[in-house]
Structures are given as C-alpha cells and as structure tokens.
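Atoms within a ligand are numbered from 1 in the order they appear, just like the ligands themselves.
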Amino acid sequence: MSAQRTNGVIVAIDGPSGAGKSSITKLLAKRLGYLHIDTGAMFRAVALMSQRAGIACDDDARLAELCRGIEIEFEREGEAYRVLVNGEDVSREIRTEEVGLLTSCISARKPVREALLQMQRKMGVKGGVILEGRDIGTVVFPDAEVKFFLTASAEERGRRRYLELVARGEAVSLEETIEKVVCRDRQDESREHAPLKRAEDAVPVDSTAMTIDEVLAFMEKTVKERVAA
Ligand SMILES: Nc1ncnc2c1ncn2[C@@H]1O[C@H](COP(=O)(O)OP(=O)(O)OP(=O)(O)O)[C@@H](O)[C@H]1O
Ligand SMILES: Nc1ccn([C@@H]2O[C@H](COP(=O)(O)O)[C@@H](O)[C@H]2O)c(=O)n1
C-alpha cells in the first residue's frame with residue numbers, strides 16, 4: 001500500500017448498468033467503514049447542470065467551463081446518501097431516465113472526463129474509499145489495491161432495473177428496459193475516452209445467479225484477504 005494511503009486501501013468496482021454496483025458499494029462501504037464514491041452520480045450531476053444551462057452535449061468548450069464551476073459533494077446521514085452540486089441536493093433529479101440518457105452523451109466528452117477524473121482522484125487519494133463506476137480500475141485508480149468487475153446477463157440487469165422502475169411507479173415494459181440497458185452498455189463500451197472494460201487485474205464477479213448478500217460476502221472476504229496479505 002502506497003504511503004499516501006493513510007486511511008486504508010482503494011477499492012474499485014466497475015461494471016455495466018444494473019449490475020448492482022451502487023447497492024453493493026453502499027453495503028460494503030458500511031461494513032468496512034469506507035467512503036462510498038458514486039462516480040456515476042458525478043457524471044449525472046454534470047449532465048443535469050448542462051441541461052439546466054442549455055449546453056449541447058457536444059459543446060466541449062462550454063462543458064469545460066461548466067465543470068470548472070461545479071463542486072460535487074457526497075453526504076451520508078444514516079441510510080440517506082445525498083449528492084450535492086454547489087450545495088444543492090440533486091439526489092433525486094439526477095436519477096431520472098432523461099438525465100440518464102443525457103449522461104451517456106456527456107460522459108463521452110473528454111473535458112468532462114478530465115475534470116471528473118481530477119475530482120475523483122482528489123476524493124480517493126488517501127484510501128479508505130470504494131469508488132464505483134466504469135473506468136475506476138482502468139483509468140481513475142489503475143493502482144487500486146482491490147478491483148472488481150461486477151456484471152450480470154443483460155436480461156438479468158434489465159429485469160432488476162425493470163423491477164426498480166416499476167417500484168417507483170414508472171410505466172415501463174421489461175422488454176424496453178432490457179433494450180435500454182443494452183443500449184447504455186454499447187455506448188459505454190464503444191466510446192473513445194475511458195470505455196467500459198474490465199481491468200486485467202480486476203476480479204470478475206458475475207452476479208446473474210447471486211444474491212446481493214452473496215456478492216457482498218465474496219467482495220468483503222476478498223478485500224480483507226488483500227488487506228491482510
Ligand atoms: N445480485 C442481485 N440480485 C438481485 N437484485 C440485485 C442484485 N444486485 C443489485 N440488485 C438490484 O438491481 C437494481 C440495480 O442495482 P444498482 O442500482 O446497484 O446497479 P448499478 O450497477 O449501480 O446500476 P447503474 O450503473 O445503472 O447505476 C437495484 O434494485 C438492486 O437492488
Ligand atoms: N466512472 C463512470 C461512471 C459513470 N459513467 C457514465 O455515467 C452514466 C451513469 O452512471 P450510473 O452508474 O449512475 O448508471 C453511465 O452510463 C456512464 O455513461 C462513466 O462514464 N464513468
């Protein structure tokens with residue numbers, strides 16, 4: 001562990017949409033006493049602010065300027081996990097389907113990736129953090145002590161997302177939800193900058209037939225073994 005890691009190790013959890021990253025990271029961070037950094041929420045926050053400012057998702061100059069003026073913070077209070085942008089709680093607004101679709105475009109822009117990369121490294125450099133996203137183990141912290149690549153079949157991830165949306169009262173079909181999951185996978189995997197892919201030293205976890213508790217138990221055991229080694 002590098003001398004900078006005064007608070008513990010860095011854990012990276014990458015993977016496609018609906019794999020269970022946020023659910024697992026929240027629980028694992030609580031068990032380890034680590035900070036949970038939801039990098040997807042950071043990209044969603046930039047997308048929301050660009051939408052409010054009327055910035056086209058390919059206007060790199062204005063996106064770069066927007067990112068220079070954004071401060072993103074995470075607040076945990078008991079079970080509540082809030083995302084603040086310049087002090088405003090945007091936790092709910094960033095989760096809409098509209099912002100999600102815009103985020104896939106915004107997150108492909110180099111100025112946005114460069115700005116958030118610096119923020120993420122600053123947040124995690126001392127360790128004691130679990131960052132979830134698409135490029136943590138490949139770009140943000142390639143030297144992370146523990147890396148996981150969490151996935152599941154597209155059908156299972158679509159089913160999970162479908163159940164989540166229906167529980168929120170949204171009128172969606174399972175078929176269209178699976179299609180949207182596959183579409184976001186394709187966008188995240190095929191973009192030029194920091195595409196979604198498994199780091200060579202990331203532990204693959206296919207949760208298609210695993211419960212959240214089974215995934216959590218495996219990851220916690222793996223992290224503790226690495227820290228003890
Ligand atoms: N192993 C699992 N078995 C069953 N349901 C799961 C499992 N893992 C996660 N879920 C459920 O799937 C849904 C999506 O999980 P979550 O939001 O954590 O995925 P994610 O990878 O963070 O997705 P995204 O990247 O799109 O934000 C949630 O309702 C969650 O409770
Ligand atoms: N490290 C990351 C994290 C996310 N993205 C992009 O943001 C979108 C939303 O992420 P969620 O985890 O909240 O679904 C995601 O589809 C990616 O396009 C990213 O590029 N890098």
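Counting heavy atoms closer than 4.0 Å to ligand 2, residue Q187 contributes nothing at all. Here T211 has backbone heavy atoms under 4.0 Å from ligand 1, and that is the only part of it that gets that close. Residue contacts with ligand 1, taken as heavy atom pairs separated by less than 4.0 Å, involve R161 solely via side-chain atoms from C-beta onward. Only the side chain of R134 comes within 4.0 Å of ligand 1, judged by heavy-atom distances.
Checked against side chain to side chain donor-acceptor pair (under 3.5 Å), E79 has the following partners two or more places apart in sequence or in another chain: K30.
Nearest to atom 15 (O) of ligand 1 by heavy atom, out of S17, G40, A19, S23, is S23. In the candidate list I212, V205, T25, I212 is nearest to atom 7 (C) of ligand 1, counting heavy atoms.
Applying the 4.0 Å criterion to heavy atoms of P16 picks out, from ligand 1, the atoms 21 (O). Atom numbering of ligand 2 starts at 1 in the shown order; those under 4.0 Å from a heavy atom of T39 are 1 (N), 2 (C), 3 (C).
In terms of protein heavy-atom proximity, atom 4 (C) of ligand 1 is nearest to R160 NE, 3.6 Å.
Here's the thing with K21: none of its N/O atoms is less than 3.5 angstrom from an N/O atom of ligand 2. Taking distance alone, with nitrogen or oxygen atoms compared against 3.5 Å, R113 approaches ligand 2 more closely than that limit.
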